[in-house]
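Worth knowing before you read on, the calculation uses all heavy atoms, side chains too, and leaves out hydrogens, waters and symmetry mates. For reference, positions follow the sequence shown, starting with 1.
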Amino acid sequence: MTIELSDAQCELLRQFARLHTRAHIEAGVEPPGLRLEIALGGPYGDDACVVLGDQRRELGEVAVRVVQGAAVDRE
């Protein structure tokens with residue numbers, strides 16, 4: 001499965017992460033990781049949201065594609 005974010009969405013994600021990472025470093029604590037949530041289907045199609053701690057930023061509609069044959073069978 002591939003999830004494609006637009007350039008603008010990638011920039012929003014980077015800005016959001018940068019802001020929170022800087023605040024944690026300046027406070028002398030290890031910054032948490034972020035979570036990228038993808039909602040499939042629904043009335044508005046597939047969309048993404050970035051979550052860092054108790055803060056969320058909606059990224060909007062994303063392109064989700066199932067890649068056929070991407071898994072490698074090792075048996």
Side-chain angles (χ1 to χ4, degrees):
M1 180 180 295
T2 62
I3 300 161
E4 297 178 20
L5 302 176
S6 69
D7 290 342
Q9 289 168 320
C10 288
E11 185 57 29
L12 278 174
L13 190 149
R14 282 191 290 271
Q15 288 174 0
F16 186 67
R18 191 177 309 123
L19 174 72
H20 289 280
T21 299
R22 181 180 304 132
H24 281 81
I25 290 172
E26 289 173 355
V29 297
E30 185 173 335
L34 60 84
R35 187 171 68 238
L36 182 62
E37 294 181 354
I38 308 298
L40 302 174
Y44 305 109
D46 305 331
D47 65 355
C49 176
V50 62
V51 180
L52 208 159
D54 63 350
Q55 306 256 337
R56 304 174 63 84
R57 168 97 27 106
E58 297 295 329
L59 298 177
E61 190 173 333
V62 293
V64 177
R65 292 183 182 80
V66 175
V67 179
Q68 297 297 321
V72 176
D73 187 343
R74 298 194 183 266
E75 292 185 30

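Criterion: ILVMFWY side-chain heavy atoms under 4.5 Å apart, direct or through other members. Under it, Phe16 and Leu36 are part of a common hydrophobic cluster.
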Run the side-chain donor-acceptor check on residues 18-34: report pairs under 3.5 Å with partners two or more places apart or on a different chain.
{"residue": "Thr21", "atom": "OG1", "partner": "Ala17", "partner atom": "O", "Å": "2.8"}
{"residue": "His24", "atom": "ND1", "partner": "His20", "partner atom": "O", "Å": "2.8"}

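The side chain to side chain donor-acceptor pair (under 3.5 Å) contacts involving residues 47-65 comprise Glu4-Arg65, Glu37-Arg56, where partners must be two or more places apart or lie in separate chains.
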Quiz item: Given the rule in the side-chain contact (heavy atoms from CB on, under 4.5 Å) test, do Leu13 and Leu59 qualify, once you have shown the distances and angles that lead to the verdict?
Solution: CA-CA 8 Å; Leu13 190 149; Leu59 298 177; 4.1 Å; yes
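The shortest distance between side-chain heavy atoms of Arg35 and Leu52 does not fall below 4.5 Å. Here the side chains of Leu12 and Leu5 are not in contact, with every heavy-atom distance at 4.5 Å or above.
Taken from CD1 in Ile38 to CG in Asp46, the straight-line distance is 8.5 Å, to the nearest 0.5 Å. Between the CG atom of Leu40 and the CD1 atom of Ile3 there is a distance of 7.5 Å, given to the nearest 0.5 Å.
Put simply, the side chain of Glu11 never gets that close to the backbone of Ala8: no donor and acceptor are under 3.5 Å apart.
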